[in-house]
Amino acid sequence: FGIINDVLDNEILWGGRDVPTGMTRDGQPLPLEDDGPVPDNKLRVAVSRFHIIEWELRYIDYLRGLNYDVELVPLGASSKQCMVARGLVDICPKFAKCSEWDTAAGQAIVEAAGGLVVNVETNGSIPRSSSSTGGFTSASRPATKHFCNTAKEIDKYFLSWARMKS
């Protein structure tokens with residue numbers, strides 16, 4: 001289970017394995033906007049406003065090389081996962097090391113909303129008992145449903161590409 005309070009927008013999002021995703025703004029319940037179609041070649045990618053690293057930029061270039069029209073959406077830390085859960089951005093790459101407390105609530109909410117959170121090193125789910133992750137990509141439910149090669153496949157091919165470029 002995870003809960004994130006976005007104090008700037010006065011929003012609270014929650015969700016978990018056995019708890020449906022929910023949202024309030026100013027204390028009023030709101031539906032998540034996660035069912036819109038994803039255009040064939042358009043990706044809205046959440047990035048940090050202040051701490052984007054070289055491998056995240058390479059990932060974005062890699063997506064562009066796959067002929068995706070990438071729109072960067074700069075956001076604060078927990079806002080990125082909230083926007084993924086809501087379907088307002090499609091993908092959020094986070095390749096810098098981070099701790100479980102940085103990712104656990106957002107991962108629970110994204111997965112409860114039907115999205116996907118993938119460990120980029122193992123191409124599997126991030127273990128909840130992990131104290132540190134080497135990076136992850138999260139994808140919204142519409143993005144996960146849209147891509148025939150899911151976010152896991154994109155990450156797998158990116159890792160192969162990244163190893164060749166290193």
Side-chain angles (χ1 to χ4, degrees), residues 2 4 6 8 13 15 21 32-34 36-128 130-166:
I4 296 176
D6 183 346
L8 292 177
L13 276 84
T21 305
L32 297 179
E33 303 119 24
D34 68 350
V38 176
D40 286 340
N41 69 336
K42 177 90 170 164
L43 281 178
R44 299 162 298 177
V45 179
V47 295
S48 174
R49 287 186 302 205
F50 305 111
H51 304 291
I52 193 164
I53 66 168
E54 178 184 352
W55 279 105
E56 291 162 357
L57 292 171
R58 287 185 182 197
Y59 184 77
I60 292 161
D61 287 343
Y62 174 76
L63 294 173
R64 288 181 173 138
L66 295 175
N67 296 319
Y68 287 106
D69 178 15
V70 176
E71 174 190 350
L72 299 182
V73 182
L75 296 164
S78 61
S79 295
K80 291 189 288 286
Q81 297 294 55
C82 291
M83 296 289 273
V84 168
R86 294 174 61 193
L88 298 177
V89 297
D90 303 308
I91 292 179
C92 176
K94 175 67 174 160
F95 296 157
K97 287 204 177 240
C98 49
S99 298
E100 181 180 16
W101 53 84
D102 294 323
T103 63
Q107 178 180 356
I109 294 167
V110 167
E111 290 175 351
L116 184 65
V117 180
V118 179
N119 179 320
V120 296
E121 292 177 349
T122 65
N123 205 32
S125 184
I126 298 174
R128 298 232 192 266
S130 172
S131 62
S132 178
T133 69
F136 63 92
T137 300
S138 56
S140 67
R141 179 170 59 149
T144 302
K145 286 170 43 177
H146 170 76
F147 300 115
C148 59
N149 289 330
T150 74
K152 285 185 180 185
E153 292 300 311
I154 290 173
D155 283 355
K156 181 172 79 173
Y157 292 119
F158 172 71
L159 288 175
S160 298
W161 174 83
R163 287 183 188 111
M164 289 187 320
K165 297 291 181 185
S166 293

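Please read these numbers as outputs of a predicted model, since none were measured by experiment.
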Rounded to the nearest 0.5 Å, what separation is found between the [atom1] atom of [X] and the [atom2] atom of [Y]?
X     : Y     : atom1 : atom2 : value
Leu66 : Leu43 : CG    : CG    : 9.0 Å
Arg49 : Lys80 : CZ    : NZ    : 8.5 Å
Met83 : Cys92 : CE    : SG    : 11.0 Å
Phe95 : Arg58 : CZ    : CZ    : 11.5 Å
Tyr62 : Tyr68 : OH    : OH    : 9.5 Å

Once salt bridge (charged side-chain N to carboxylate O under 4.0 Å, His left out) is applied, do any residues pair with Asp6, and if so which ones, sequence neighbours excluded?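 Residues passing salt bridge (charged side-chain N to carboxylate O under 4.0 Å, His left out) with Asp6: none at all.
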Apply salt bridge (charged side-chain N to carboxylate O under 4.0 Å, His left out) to Arg64 and list each qualifying residue two or more places apart in sequence or on a separate chain.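 So Arg64 forms a salt bridge (charged side-chain N to carboxylate O under 4.0 Å, His left out) with Asp61.
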May I ask you to test the [X]-[Y] pair for a side-chain heavy-atom distance under 4.5 Å?
X      : Y      : value
Thr21  : Ile109 : yes
Ile91  : Thr137 : yes
Glu111 : Leu116 : no
Phe136 : Thr103 : yes

Got a sec, which residues hit side chain to side chain contact (heavy atoms under 4.5 Å, CB included) with Leu57, two or more places apart in sequence or on another chain?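 Partners of Leu57 by the side chain to side chain contact (heavy atoms under 4.5 Å, CB included) criterion, ordered by chain and then number, come out as Ile52.
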Tell me yes or no: between the side chains of Ser138 and Gln81, is some donor less than 3.5 Å from an acceptor?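 Ser138 vs Gln81: donor-acceptor pair found between side chains.
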Can you see which heavy atom on [X] is nearest to which on [Y], and at what distance?
X      : Y      : value
Ala108 : Gly2   : CB-N, 3.7 Å
Ala139 : Val84  : C-CG1, 3.6 Å
Cys82  : Ile4   : SG-CG2, 3.6 Å
Leu72  : Ile60  : CD2-CD1, 3.5 Å
Ala85  : Ala113 : O-CB, 3.6 Å
Ala46  : Pro93  : O-CD, 3.5 Å

Test side chain to side chain contact (heavy atoms under 4.5 Å, CB included) on Glu71 and Val89 and set out the steps. CA-CA 9 Å; Glu71 174 190 350; Val89 297; over 6 Å; no
Is there a donor-acceptor pair under 3.5 Å between the side chain of Arg44 and the backbone N or O of Val70?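 No: the side chain of Arg44 does not pair with the backbone of Val70.
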Main-chain N/O of Asp69 paired with Asn41 side-chain donor or acceptor, under 3.5 Å: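 Looks like no, no N/O pair under 3.5 Å.
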Take Leu63 and Val45 through the side chain to side chain contact (heavy atoms under 4.5 Å, CB included) test and state the conclusion after the steps. CA-CA 10 Å; Leu63 294 173; Val45 179; 4.2 Å; yes
